Number of protein chains: 2
Amino acid sequence: MSDEFCSCDVVHENVIEMVRKKMPQEEKLYDLAELFKVFGDTTRVKIISALFEAEMCVCDIAELLHMTPSSISHQLRVLRQARLVKHRKEGKVVFYSLDDEHIKNIFNQGLEHILEPRGFEYAIS
Amino acid sequence: MSDEFCSCDVVHENVIEMVRKKMPQEEKLYDLAELFKVFGDTTRVKIISALFEAEMCVCDIAELLHMTPSSISHQLRVLRQARLVKHRKEGKVVFYSLDDEHIKNIFNQGLEHILEPRGFEYAIS
DNA sequence: TGCGCATATGAACAATTGCTCATATATTAA
DNA sequence: TTAATATATGAGCAATTGTTCATATGCGCA
């Protein structure tokens, strides 16, 4: 019954089996975590937030965020690989913009969670 | 005009100012990144995915994911602090469940992005 | 009380990550 | 071609993170 990983006696086997059958494939969940990892960095969140408002080149973003073009370029690479941004070349300048409608929804749901009123643990003061 | 961070000549100041005004507060974006960071780990994504289906105790989750109760407990702590799960004690056993409706939306939007057909870079083969 | 079990937590270590710096590539202009 | 500029990329380093292991806490039962 129990494998090597859990020595507990109180294991609800029927629940575990039911859940195991319903859960998405392991690979999908891995990819999902990889996607959220991309959103899980302040610099990248700022870049995405900026691109909601306008298409921008690397230098614009660098100046906006008071960071070096190099670090911005590194992060844009990550965003590109996750297919969250697309780019358009105009001479030497590369303009970036958002590539996906899901992003806005994910972003806004996240903001709603952040802005939600806290539970009683703060109400007690 | 240009500060110390970007030495580019082609900086679209008007765009930058417009975007700067529209962007959410720095603190909000920081918190948002922190939230997504919580989603950005395979173990935690699996736990969340499991709790979509049923309330479970620490040992159930450990057995389900073939991991130690200790590591699950550590991750549940992170999920608790982000207010993504809530817990309910029943004797020695602690049952965890999801604490928020936004989570499902964020999760599903993420899955939609993952499952989206790829762009031409794969079509060329 | 004292034991056993479910969960929580702290320290430590390996692995990952984001930035900096140096350098490479690409495009325009002289 | 050569120089200048915008962007990209690789190596290296400091900081962060997830797991393991040891130990602590909390609850039920004898």
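Because the structure is predicted, anything quoted here is derived from the model rather than measured. In what follows, chains are A, B, ... by sequence order, proteins preceding strands, each numbered from 1.
- Per the geometry, CD1 belonging to A:Ile61 stands 17 Å off C1' belonging to C:dC19, to the nearest Å.
- Between the side chains of B:Thr68 and B:Ser71, a donor-acceptor pair is found at a separation under 3.5 Å.
- Put simply, CG on A:Leu79 is 12 Å from P on D:dA8, counting in whole angstrom units.
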Report, one pair per line, the protein and nucleotides 26-30 of chain C atoms (nitrogen or oxygen only) whose separation is under 3.5 Å.
{"unit_1": "C:dT27", "atom_1": "OP1", "unit_2": "A:Lys89", "atom_2": "NZ", "d": "3.3"}

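- Residues satisfying the ring-ring contact (aromatic ring centres under 6.0 Å, His included) criterion with B:His74, sequence neighbours excluded, are absent altogether.
- Look at CD on A:Glu63: it is 16 Å from C1' on D:dT5, rounded to the nearest Å.
- Following rounding to the nearest Å, A:Arg77 (CZ) and D:dA8 (C1') show an atom-to-atom distance of 8 Å.
- The two residues B:Arg83 and B:Asp100 have their closest heavy-atom pair at O-CB, 4.3 Å.
- Heavy atoms of A:Tyr96 sit under 4.0 angstrom from primed sugar atoms or phosphate atoms, though from no base atom.
- For B:Gln75, the side chain to side chain donor-acceptor pair (under 3.5 Å) test picks out B:Arg44, with sequence neighbours left out.
- Under the salt bridge (Lys or Arg N to Asp or Glu O under 4.0 Å) criterion, A:Arg88 pairs with A:Glu55, A:Glu90, not counting sequence neighbours.
- Residues that satisfy the side chain to side chain contact (heavy atoms under 4.5 Å, CB included) test with B:Lys92, not counting sequence neighbours, are absent from this structure.
- In this entry the distance linking CD of A:Gln81 with P of C:dT17 reads 12 Å, nearest Å.
- At whole-Å resolution of the value, CG in A:Leu76 and P in D:dT7 are 10 Å apart.
- In this structure A:His12 satisfies the ring-ring contact (aromatic ring centres under 6.0 Å, His included) test together with B:Phe95, sequence neighbours excluded.
- Straight-line distance from the CZ atom of B:Phe95 to the P atom of D:dG26: 20 Å, rounded to whole Å.
- In terms of the side chain to side chain contact (heavy atoms under 4.5 Å, CB included) criterion, residue partners of B:Arg77 (sequence neighbours excluded) are, by chain and number, B:Arg80, B:Gln81.
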Could you pull out all donor-acceptor pairs under 3.5 Å where a side-chain atom in residues 24-40 of chain A meets a protein atom, sequence neighbours excluded?
{"unit_1": "A:Glu26", "atom_1": "OE2", "unit_2": "B:Lys46", "atom_2": "NZ", "d": "2.8"}
{"unit_1": "A:Glu34", "atom_1": "OE2", "unit_2": "A:Lys37", "atom_2": "NZ", "d": "3.1"}

Protein N or O to nucleotides 11-19 of chain D N or O, pairs below 3.5 Å:
{"unit_1": "D:dG18", "atom_1": "OP1", "unit_2": "B:Arg44", "atom_2": "NH1", "d": "3.2"}
{"unit_1": "D:dG18", "atom_1": "OP1", "unit_2": "B:Arg44", "atom_2": "NH2", "d": "2.8"}
{"unit_1": "D:dG18", "atom_1": "OP2", "unit_2": "B:Arg44", "atom_2": "NH1", "d": "3.4"}
{"unit_1": "D:dT19", "atom_1": "OP1", "unit_2": "B:Thr43", "atom_2": "OG1", "d": "2.6"}
{"unit_1": "D:dT19", "atom_1": "OP2", "unit_2": "B:Gln75", "atom_2": "NE2", "d": "2.5"}

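- Looking at B:Ser70, its side chain comes within 3.5 Å of the base of D:dC21 through a donor and an acceptor atom.
- The interatomic distance linking B:Ile47 (CD1) with C:dT7 (P) rounds to 13 Å, in whole Å.
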